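Working notes, beginning with the structure itself.
Owing to the predicted nature of the structure, the values given are computational and were not obtained by experimental measurement.
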Protein chains: 2
Amino acid sequence: MKRRATIKDVAERAGVSKAAVSYVLNDIRKVSAETKARVLQAASELDYQPDFTARSLTKRTSNMIGVILPLVDASIANVMQENTYYNEMISAIEKVARENGFDVLLTGLARPEEYRNWVQKRRLDGLLFLGLFPASIYAEMRSMEVPAVLIDTYEEHTGKYPSVNINDEKGGFLAAEHLLSLGHENIAFLTTGLENPVEVHRYKGFTRAFQERGMTVPSPETAETTHRLESGWMIGKKLAGSSRTAIVCTSDITAFGVIRALYEAGVRVPEDVSVTGFDDIHISRYTTPSLTTVRQHIMQKGTAAAEKLIETMKGHPAAGETFDVKLVIRESTAPPKQ
Amino acid sequence: MKRRATIKDVAERAGVSKAAVSYVLNDIRKVSAETKARVLQAASELDYQPDFTARSLTKRTSNMIGVILPLVDASIANVMQENTYYNEMISAIEKVARENGFDVLLTGLARPEEYRNWVQKRRLDGLLFLGLFPASIYAEMRSMEVPAVLIDTYEEHTGKYPSVNINDEKGGFLAAEHLLSLGHENIAFLTTGLENPVEVHRYKGFTRAFQERGMTVPSPETAETTHRLESGWMIGKKLAGSSRTAIVCTSDITAFGVIRALYEAGVRVPEDVSVTGFDDIHISRYTTPSLTTVRQHIMQKGTAAAEKLIETMKGHPAAGETFDVKLVIRESTAPPKQ
DNA sequence: AAACCTTTTGAAAACGTTGTCAATCCGGAG
DNA sequence: CTCCGGATTGACAACGTTTTCAAAAGGTTT
């Protein structure tokens, strides 16, 4: 096991000082063509690669960005386990990061106080927050100097940090309007909780569709947990006996839970009850019935967030961005039966 | 923005040397109760947290483990995008890592030569390989001293590295045997390619079920890509007009693709054709038909792999482990129609 | 009170970079 | 020939830890 070459080895071989090597390799200062060639030559002969750790120490950067998922019950599993939404997001982020020479540190941190320490200990260059976090986090962040981009939050909650999200209000509206135009009147709105502004906006859009038609707005049904199959299933079970003819869900995952519960109760989708999802994850096109849903371009969102973060880290602060959504009509919705 | 306290600050405040602080905080050497108390006091007053980067430099470790996914077409997205298999795996790993004070660096690396550099530049303490990698990687790894644990590979290919996997052969057998015992004779085996030993073992088990009954073994159907919905869909389309009465898939994801293609061709599951999956991801219980599949305990596998890695890193080399699988019979399989 | 342990402590080197500053080199102007 | 200015280079400090090595302190035993 031979020792890895250090900058000193390169310097000696090239017959120059360590500083000179650093200048050449980082293209940081004018260096004569001749020594430059010698250094490059030596570096390649020794297969020299600068050590990130040592570099971090002086430069106070790490070339790493942190991707932070909310912890529920001390595990990120509870939020990301069932939903390929996160797969797309994370792989988009990882791709952008890697292409720009950054590595991705993936984590869920338990207590708000930990964030500061973690970021500082690791000298993280930037942070990507995926989902909803307690407000104290943002205050904590503001007191540090780490660039950050938030995904799926609203800036009114986060102060100065740019947020990448979608037009949730429109999404809620599109789903409701679609069902209303099919002739449904008794429509349930299934949310995972209106503490989350994303859910709030979707419900607002849902509400607007009713208001524009002068109809009274149904109050929401609240699931007990995050976007999980079982949350949907439990509500579906409850709604199976009700007079609702349509159900708007705020994720595809909960919609699948709902559909399954209805099926088990002998209620057919879409013949007896229509169901819409939200996200348009890959599988939603392949189930039977395939899912009518509000499509958001997840990878686009992840890519944009990562790119904005990197821009910000380079000193060009980026603004937030809100992406459009559209309705994808598939098999899970139909006019109510007569 | 006040400067973060360093070990020097603590030392000065406690009236001792930096070394003494290090001794106390790392519990590395006997220190008198009195100075110990002073140091602890000072450290807590200053809210001192050691800097990982600086520590890495002397200790040559980073407190990070790398989780490596295969890159297909320069993106990890193509392998992990649609399948919550990876969600469970990654969240299990992250949990164990975090509980042991490690952070998780997530990546897909393009060329084998990059691994070495990446591991050394980052001073990674351990590596977790998720899936199949070119053999040259293992040779490359052997020449380094990084502990590593492989997931979903077979040790005969990897030399000395411990591997955490499941009894794939049994899985293949159980699926085939289940269908055979239902009375199916013309059964397709859908694989993503027999270059992957995991697939090979599953096919071996499939084969054995036929041999034990003295039946001739069908040759496998090979999908063009990794485990993707569309791979399944394309093969399903092709098989829809065939005389097969049952299809064994090597992932739930491909099974869903198959089922959808059959549905679109007017072939009913399970009435006309039975389909089995592999993995038992969460959603498989919620689709209609719900999926008969070979269950593996994914989080258990991820947890075990991470724990073994950490054990190995602590100097107690761990052996590989093979977990059991079992058949979960749901709605997607039934006897062939008369 | 000297000699000798044993325990406890601290000064300084090391880790591998980058950045600061001063020194050297070179050619040309005076 | 001296002086000057610009271009190029190198010595050394700095980053924040851990570790090595030796010294100091505190008892015991003679």
For [X] and [N], give me the distance from atom [atom1] to atom [atom2], rounded to whole Å.
| X | N | atom1 | atom2 | value |
| --- | --- | --- | --- | --- |
| B:R4 | D:dT17 | CZ | C1' | 12 Å |
| B:R55 | C:dG16 | CZ | C1' | 18 Å |
| A:K121 | D:dT17 | NZ | P | 11 Å |
| B:L46 | D:dG16 | CG | C1' | 15 Å |
| A:Q120 | D:dG16 | CD | C1' | 14 Å |
| A:N63 | C:dT17 | CG | P | 14 Å |
| B:D51 | D:dA14 | CG | P | 18 Å |
| B:I7 | D:dG16 | CD1 | C1' | 8 Å |

- Message: I want to verify a distance call: between C:dT18, D:dT17, D:dT18, whose nearest atom is closest to the B:Y48 side chain?
- Response: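 Comparing C:dT18, D:dT17, D:dT18 against the side chain of B:Y48, the answer is D:dT17.
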- Query: For the side chain to side chain contact (heavy atoms under 4.5 Å, CB included) test, which of A:I310, A:I93, A:V96 pairs with A:F102?
  - Reply: A:I310
Tabulate protein N/O versus nucleotide N/O from nucleotides 7-9 of chain D, keeping only pairs under 3.5 Å, one per line.
{"residue": "D:dT9", "atom": "OP1", "partner": "A:S32", "partner atom": "OG", "Å": "2.9"}
{"residue": "D:dT9", "atom": "OP1", "partner": "A:T35", "partner atom": "OG1", "Å": "3.2"}
{"residue": "D:dT9", "atom": "OP2", "partner": "A:S32", "partner atom": "N", "Å": "3.0"}
{"residue": "D:dT9", "atom": "OP2", "partner": "A:T35", "partner atom": "OG1", "Å": "3.1"}
{"residue": "D:dT9", "atom": "O4", "partner": "A:R29", "partner atom": "NH2", "Å": "2.4"}

- Residues A:R4 and A:D9 bridged, charged N to O under 4.0 Å: no
Kindly list each side-chain donor-acceptor pair under 3.5 angstrom involving residues 302-309 of chain A, sequence neighbours excluded, with atom names and distances?
{"residue": "A:T303", "atom": "OG1", "partner": "A:M299", "partner atom": "O", "Å": "2.7"}
{"residue": "A:K308", "atom": "NZ", "partner": "A:A319", "partner atom": "O", "Å": "3.1"}
{"residue": "A:K308", "atom": "NZ", "partner": "A:E321", "partner atom": "OE1", "Å": "3.1"}

- Give the angle between the helix axes at the two ends of the helix from C:dA1-D:dT30 to C:dG30-D:dC1, taking five base pairs at each end and rounding to 10°. 80°
In chain order, what residues pass the side chain to side chain donor-acceptor pair (under 3.5 Å) check against [X], with sequence neighbours excluded?
| X | answer |
| --- | --- |
| B:N196 | none |
| B:Q41 | B:E45 |
| B:Q300 | none |
| B:T35 | B:S32 |

- Among pairs that include at least one residue of residues 97-109 of chain B, which meet side-chain hydrogen bond (donor to acceptor under 3.5 Å, both in side chains), considering only residues two or more places apart or in two chains? A:E94-B:T107, A:W118-B:D103, A:R122-B:D103, B:E94-B:R98
Which atom pairs, one a donor and one an acceptor, fall under 3.5 Å between side chains of residues 59-72 of chain B and the rest of the protein, sequence neighbours left out?
{"residue": "B:S62", "atom": "OG", "partner": "B:M64", "partner atom": "N", "Å": "3.2"}
{"residue": "B:S62", "atom": "OG", "partner": "B:R123", "partner atom": "O", "Å": "2.7"}

What pairs of nitrogen or oxygen atoms, one from the protein and one from nucleotides 12-15 of chain C, lie under 3.5 Å apart?
{"residue": "C:dC15", "atom": "O3'", "partner": "B:R60", "partner atom": "NH1", "Å": "3.4"}

- Task: Go through the structure and list residues passing salt bridge (Lys or Arg N to Asp or Glu O under 4.0 Å) with B:E12, not counting sequence neighbours.
- Result: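 Checked B:E12 against salt bridge (Lys or Arg N to Asp or Glu O under 4.0 Å); zero matches.
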- Item | ring pair (Phe, Tyr, Trp, His ring centres under 6.0 Å) involving A:Y115 - partner list, sequence neighbours excluded | A:F129
